[in-house]
Protein chains: 2
Amino acid sequence: MVTIKDIAKLANVSHTTVSRALNNSPLIKEPTKRKILEIASQLNYSPNYNAKSLVMQKSHTIGLFFTSISTGTSPSFFVDSLKGVNRVISQDYNLFVRGLDDYDDYSSINQQRFDGIILMSQSVHDNPFIYHVLQKEIPLVVLNRDIEEAGIMNILSNDTDGARKAVEHLVENGHRKIAIIEGIKGFKSTQMRLEGYQEALTASGIPLQSDYRIRGNYDMESGYAGMEKLLSLKEPPTAVFCSNDDMAIGAMNAIFANGLKVPEDISIVGFDDIGFSQYTTPRLTTVKRPVEKISVLGAETVLSLVIGNKEIPKKIFAQTELVVRDSVAKRI
Amino acid sequence: MVTIKDIAKLANVSHTTVSRALNNSPLIKEPTKRKILEIASQLNYSPNYNAKSLVMQKSHTIGLFFTSISTGTSPSFFVDSLKGVNRVISQDYNLFVRGLDDYDDYSSINQQRFDGIILMSQSVHDNPFIYHVLQKEIPLVVLNRDIEEAGIMNILSNDTDGARKAVEHLVENGHRKIAIIEGIKGFKSTQMRLEGYQEALTASGIPLQSDYRIRGNYDMESGYAGMEKLLSLKEPPTAVFCSNDDMAIGAMNAIFANGLKVPEDISIVGFDDIGFSQYTTPRLTTVKRPVEKISVLGAETVLSLVIGNKEIPKKIFAQTELVVRDSVAKRI
DNA sequence: AGATGAAATGTTAACGTGAACAAAAAAAGC
DNA sequence: GCTTTTTTTGTTCACGTTAACATTTCATCT
């Protein structure tokens with residue numbers, strides 16, 4: 001492996017001069033700089049980041065963490081997050097991706113290994129991790145989940161608002177018997193979307209009904225199961241708000257399986273606007289959540305923190321948006 | 001940050017003794033070892049991997065590369081790959097995820113930064129990367145795409161075989177007018193699935209028809225567009241083999257949009273068996289590809305290479321499997 | 001021309017760890 | 001008890017880089 005000392009020897013200068021030349025220091029005369037750069041590229045030199053990191057106390061690594069990679073994270077959510085971050089992180093930063101459930105303890109999470117951390121947080125169970133990172137004084141941005149703790153950069157979508165818009169849309173279409181299939185217990189998103197649902201109903205003077213509130217876990221199967229429960233009620237709902245699109249798709253299947261139709265018999269609204277939702281039959285009305293935008297913002301913020309900008313910790317809200325398609329019918 | 005020297009001072013030993021104790025060397029007496037470990041955990045010591053890497057010429061990093069993260073890789077494929085690798089990589093290995101299209105040149109890909117590389121390869125355009133990695137003598141496992149080059153560990157699914165089974169299934173159901181919607185031009189998978197399609201037809205004495213061969217690019221939109229082209233033919237096919245599930249879903253939508261039905265009017269087969277395919281209406285008949293298994297095998301192999309095992313380079317084939325659901329009808 | 005100062009380059013040490021070699025301590029053999 | 005061997009610990013250096021400080025080179029001013 002070729003080092004700066006090899007270059008130094010060939011260029012007849014000291015290795016420090018080479019270091020400075022490669023880092024484009026103004027201390028080096030143009031001709032020497034050019035000569036060194038020339039030799040470096042001829043030898044196909046590439047810097048040893050371990051040595052660099054050791055002496056500079058920087059890791060050149062950004063960590064992107066999810067609550068879990070294997071469960072509870074829908075594929076498209078995951079990919080959109082990664083896309084966003086990847087778009088921002090430049091080539092000389094490493095990007096490290098892991099699920100928190102892969103860790104027994106967080107002792108390996110420290111400043112030497114991570115210049116900055118982006119947490120795509122989905123659950124209160126992430127809090128110990130957040131405290132750990134804060135205590136280690138690693139620049140941190142938490143995405144997707146509202147952290148009350150002061151001093152944390154926080155970027156999220158206003159899910160409550162989105163859910164309210166979705167349910168209001170159902171109410172405007174004449175529905176009064178509106179059920180909800182909830183997400184994973186303990187996830188902040190689950191709670192926010194429930195709140196939006198409840199706010200919309202309460203504002204319209206529709207009483208909350210406990211048997212219209214079904215627990216799900218964000219996958220298609222639980223959407224299916226949840227819908228079956230609702231259909232078995234004496235008085236099934238005429239519309240269902242599903243806390244994400246995956247469950248909405250499961251729910252639609254349960255409806256079909258029972259010989260009923262969407263939206264004629266039952267209207268469905270989802271949440272997320274994943275790629276598939278415009279290819280379901282009928283096309284799914286849903287709430288678009290700007291996942292990629294959130295992760296772009298998150299990556300930009302963490303990079304800015306890493307290079308030492310003292311940003312004032314704040315919350316950034318990315319707007320959700322109701323996407324009206326064909327899965328909601330007017331109830332007369 | 002606490003170092004082994006800090007521990008050494010407290011334990012009244014040399015830093016080398018500490019190093020040995022922490023690495024559980026048999027040279028150290030049990031009592032000293034215990035004392036050192038005790039102090040280390042009290043001080044909350046965690047090793048500096050940069051220093052370690054520098055002196056040991058190891059990076060503790062495995063790179064997982066995709067042809068592209070933003071385009072051409074379906075979310076579920078991506079997540080399944082990552083899941084598989086994550087399951088195998090232990091906690092003291094870093095995992096880096098990147099798309100090759102993020103790189104202008106590969107100078108930053110070297111032995112210092114990567115102990116081993118897993119390439120989830122989808123296109124011949126990855127070949128320069130493969131050569132680069134080989135030349136740098138980094139342990140490499142190529143997944144998903146057949147590399148003729150000798151000396152490369154290669155793990156893949158037999159897509160030709162899977163595609164043939166899918167099309168044979170159509171033939172067995174009485175179809176003779178069978179079209180194909182292809183994947184991205186230049187992707188190996190595209191070619192293999194086409195070959196399987198052609199083999200099945202030829203074996204059944206059905207002539208290949210160029211207007212039944214439609215170019216797609218693995219996304220839902222192109223499936224939709226491709227199907228529309230087929231429907232506009234004087235003599236549309238009675239069955240379509242779509243080179244992946246995403247396009248199959250797009251195709252089904254195009255059929256619905258034209259007032260036709262699946263499978264009564266046109267039968268559809270997909271490829272991949274993504275999570276959604278059992279939640280489409282009708283449920284999609286498709287070919288299951290063991291993506292997660294492939295990446296588990298890949299990760300295991302690369303780790304084994306990294307710790308110095310001299311595996312004989314070989315190809316491992318993971319079997320595809322036809323999953324019969326409801327999108328194919330008997331043609332009488 | 002010599003002193004002065006600025007610009008360019010060189011010397012040395014440091015980052016935290018592991019490894020080769022050296023030394024001390026303990027155990028074994030007589 | 002003293003040598004010899006074995007076990008355990010210590011010293012020193014190396015990894016490739018940057019940074020503080022030292023030195024040389026060169027232009028400028030009187």
Side-chain angles (χ1 to χ4, degrees), chain A residues 1-37 39-40 43-61 92 94 107-108 110-115 307-308, chain B residues 1-37 39-40 43-61 92 94 107-108 110-115 307-308:
Chain A
M1 207 83 278
V2 31
T3 74
I4 54 170
K5 291 189 181 173
D6 300 325
I7 300 175
K9 217 169 287 172
L10 283 173
N12 249 314
V13 294
S14 76
H15 73 276
T16 313
T17 304
V18 175
S19 169
R20 283 196 270 251
L22 291 173
N23 290 307
N24 203 14
S25 151
L27 290 177
I28 306 292
K29 265 200 295 196
E30 256 325 307
T32 8
K33 199 181 279 186
R34 268 206 310 279
K35 185 171 69 175
I36 290 173
L37 256 43
I39 295 177
L43 294 189
N44 219 320
Y45 167 81
S46 80
N48 184 321
Y49 275 85
N50 290 314
K52 226 169 165 152
S53 298
L54 179 59
V55 67
M56 298 181 76
Q57 315 271 43
K58 280 196 65 189
S59 64
H60 294 270
T61 297
D92 45 36
N94 287 321
S107 59
S108 61
N110 54 44
Q111 269 193 328
Q112 296 145 3
R113 272 176 96 163
F114 296 101
D115 283 354
I307 61 176
Chain B
M1 203 85 279
V2 32
T3 73
I4 54 172
K5 291 190 182 173
D6 300 326
I7 300 175
K9 217 170 287 172
L10 284 174
N12 249 315
V13 294
S14 76
H15 78 273
T16 314
T17 304
V18 175
S19 169
R20 283 197 270 251
L22 291 172
N23 289 307
N24 203 15
S25 152
L27 291 178
I28 305 292
K29 265 201 294 197
E30 256 325 306
T32 8
K33 199 180 280 185
R34 269 206 310 279
K35 185 172 70 176
I36 291 172
L37 256 44
I39 296 177
L43 295 188
N44 218 321
Y45 167 80
S46 79
N48 184 322
Y49 275 85
N50 289 315
K52 229 170 164 146
S53 298
L54 180 58
V55 68
M56 297 183 75
Q57 314 272 42
K58 280 196 65 189
S59 64
H60 294 269
T61 297
D92 45 35
N94 288 323
S107 59
S108 60
N110 54 43
Q111 271 192 328
Q112 296 144 4
R113 271 177 97 162
F114 297 101
D115 283 353
I307 61 175

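First the proteins, then the strands, lettered A, B, ... as listed; each starts at 1. The model shown is predicted, which means the values in this text are computed figures rather than measured ones.
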Sugar-phosphate only, base, or nothing, as touched by A/Asn23 at under 4.0 Å among non-hydrogen atoms: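 Sugar-phosphate only.
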Hey, does B/Ile28 reach any base, or is it just sugar-phosphate, or nothing, if we go heavy atoms under 4.0 Å?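 B/Ile28: backbone/sugar contact only, no base atoms under 4.0 Å.
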A/Val55 side chain, from C-beta outward: closest of C/dC15, D/dT8, C/dT17: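 The answer is C/dC15, which lies nearest to the side chain.
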Between D/dG16, C/dG10, D/dG10, which one does the side chain of B/Leu54 approach most closely? D/dG16
Would you sort out whether A/Asn94 and B/Arg113 count as a side-chain contact (heavy atoms from CB on, under 4.5 Å), showing the intermediate values? CA-CA 9 Å; A/Asn94 287 321; B/Arg113 271 177 97 162; 2.7 Å; yes
Between the base of C/dG18 and the side chain of B/His15, is one N or O donor paired with an acceptor at under 3.5 angstrom? yes
Indicate, yes or no, whether a donor-acceptor pair under 3.5 Å links the base of C/dT17 to the side chain of B/Thr16. no
Interatomic distance where CG belongs to A/Asn12 and P belongs to C/dT9 [whole Å]: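 Those two atoms, CG and P, are 13 Å apart.
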Rounded distance (Å) that lies between atom C1' of D/dT7 and atom CD of B/Glu30: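 B/Glu30 atom CD is separated from D/dT7 atom C1' by 14 Å.
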If you fit an axis to the five pairs at each end of the helix from C/dA1-D/dT30 to C/dC30-D/dG1, how big is the angle between those two axes, to 10 degrees? 50°
Strictly by modelled atom types, are [X] and [Y] linked by a side-chain donor-acceptor pair under 3.5 Å?
{"X": "A/Asn24", "Y": "A/Lys33", "answer": "yes"}
{"X": "B/Asn110", "Y": "A/Ser46", "answer": "yes"}
{"X": "A/Thr16", "Y": "A/Ser19", "answer": "no"}

